Amino acid sequence: MTMTMTTDTAALPSLLTALRLPSIGRHWQHYAAVADREGWPAAKLLGTLLELEVAERVQRRIQRHHAESGLPPGKTFATFDFEAATGVRKGQLLALASGDHWIRTGATALAFGPSGTGKSHVAAAIGSTLIDNGYRVLFTRTTDMVQRLQAARRDLALTTTLDKLDKFDLIILDDLSYVRKDQAETSVLFELISHRYERRSLMITANQPFSSWDHVFPDPAMTVAAIDRLVHHATILEMNGTSYRRRAALERGGHDAQAATLDPA
Ligand code: ADP
Ligand code: MG
């Protein structure tokens, strides 16, 4: 392409498209008008437009990472009641969500507790905040991940698939204890754990403590080896309260009952 030194504004849209600068494409006319009106030095206009492109590029990237994450919508710290969560401290959760250290060293976070105590919500909230902080996160049911890895193994593509998953700084495996070794061969889960060990982070939620993980892995030695790797550098969250769902239902029930007595029939 030959360039002339005269400003050919008609060519700008296609040049900006060719260079993939959509934000400048949307805003240059506005800022050029401001610059003309206020007598900006040329370098100021150039700097303003480039800064705008970079800032919006960061935002677009974060939006893409949210879209690819599989995170359940609405499960963030904004909708999480820290008071209602027993066994976890707010500071501890926010430290995990900042990603400092543990994500960069490929450490692990484990959330244990009965059903309904907020394990998945907490994991999703941590994941969502990490994405806002520039990390890449994948949230998946453990059974879905096992199926995906088994399909890859059948296609002789397990290693490539594990390598591709390395793009995620954190993989959240929700409900590990729902995996059953008799459903299919689950050593792929062990492969995933070994592959990421001390390199890329995992967060796992489970209703059952380690003692009942024997039904997840093909043999006891593999269970021990998996647990060993997971706990070596781990933050463990014991979500040991009563079910938030049940409590919310009870409170609703109580409120309705009270409303009924106040409301003369
Ligand atoms: P678990 O994964 O431990 O079974 P969930 O995270 O799915 O539990 O929580 C059950 C429901 O209760 C979800 O709708 C979740 O958003 C909500 N919930 C649980 N704990 C809290 C909390 N502390 N604050 C707000 N909502 C909560
Ligand atoms: Mg859950």
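This is a predicted model, so every value here is computed, not measured. Whatever order the structure lists ligands and atoms in, that order sets their numbers, starting from 1. For reference, positions follow the sequence shown, starting with 1.
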Next item on the list: Evaluate the criterion side-chain contact (heavy atoms from CB on, under 4.5 Å) for residue pair Trp28 and Thr9; output intermediate values, then yes/no.
Entry: CA-CA 10 Å; Trp28 71 267; Thr9 55; 4.0 Å; yes
Item checked: Heavy-atom donor-acceptor pair, Arg196 side chain to Ser201 backbone, under 3.5 Å -> yes
Notebook entry, point to check: Is there a side-chain contact between Asp166 and Arg199 (heavy atoms, below 4.5 Å)?
Noted result: yes
Check: Nearest protein heavy atom to atom 8 (O) of ligand 1, by residue and atom, and its distance?
Finding: Gly118 N, 3.1 Å
Check: Which residue supplies the protein heavy atom nearest to atom 12 (O) of ligand 1, what is that atom called, and how far is it?
Finding: Tyr244 CD2, 3.3 Å
Next item on the list: Starting from atom 4 (O) of ligand 1, find the nearest protein heavy-atom neighbour and note its residue, name and distance.
Entry: Gly116 N, 2.7 Å
Note to self: Which of the protein's N, O or S atoms come within less than 2.8 Å of the Mg ion (ligand 2), not counting waters?
What the structure shows: Ser120 OG
Next item on the list: Provide the number and element of each atom of ligand 1 under 4.0 Å from a heavy atom of Asp81.
Entry: 22 (C), 23 (N), 24 (N), 25 (C)
Margin query: My understanding is that a hydrophobic cluster links ILVMFWY residues whose side chain heavy atoms are under 4.5 Å apart, including indirect links. Using that, what else belongs to the cluster containing Phe82?
Written below: Val58, Ile62, Leu71, Phe77, Phe80, Val88, Leu93, Leu94, Leu96, Trp102, Ile103, Val122, Ile126, Leu130, Ile131, Tyr135, Val137, Phe139, Leu170, Ile172, Met203, Leu237, Met239
Margin query: Is the shortest side-chain heavy-atom distance between Ser194 and Arg229 below 4.5 Å?
Written below: yes
Check: So is Thr205 close enough to ligand 1, meaning a heavy atom under 4.0 angstrom away?
Finding: no
Margin query: Quick test: of every protein heavy atom, which one is nearest to atom 16 (O) of ligand 1, and how far off is it to 0.1 Å?
Written below: His121 ND1, 2.6 Å
Notebook entry, point to check: Which bit of Thr79 gets closer than 4.0 Å to ligand 1, counting heavy atoms only: side chain, backbone, both or neither?
Noted result: backbone
Check: Do Thr140 and Ile171 pass the side-chain contact (heavy atoms from CB on, under 4.5 Å) test, and can you show the C-alpha distance, the side-chain angles, and the key distance before you say yes or no?
Finding: CA-CA 8 Å; Thr140 170; Ile171 296 180; 4.2 Å; yes
Note to self: Quick one, Leu202 and Leu110 - any side-chain contact, counting heavy atoms below 4.5 Å?
What the structure shows: no
Next item on the list: Check ligand 1 against Lys75 and write out every atom of the ligand that is under 4.0 Å from a heavy-atom position of the residue.
Entry: 13 (C), 14 (O), 15 (C), 16 (O)
Notebook entry, point to check: Identify the closest protein heavy atom to atom 3 (O) of ligand 1: which residue and atom is it, and at what distance?
Noted result: Lys119 NZ, 2.7 Å
Checklist line | Pairwise distance OG(Ser187) to CD(Gln150) - rounded to 0.5 angstrom | finding: 8.0 Å
Next item on the list: Please say whether more than 12 non-hydrogen atoms of neighbouring residues, nucleotides or ligands are located less than 6.0 Å from CD in Glu83.
Entry: no
Check: With the threshold set at 4.0 Å, does a side-chain nitrogen-carboxylate oxygen contact exist between Glu53 and Arg20?
Finding: no
Item checked: Top protein contact for atom 7 (O) of ligand 1, by heavy-atom distance -> Arg245 NH2, 3.5 Å
Item checked: Stepwise side-chain hydrogen bond (donor to acceptor under 3.5 Å, both in side chains) test for Ser120 and Asp174 -> CA-CA 7 Å; Ser120 300; Asp174 197 31; 2.8 Å; yes
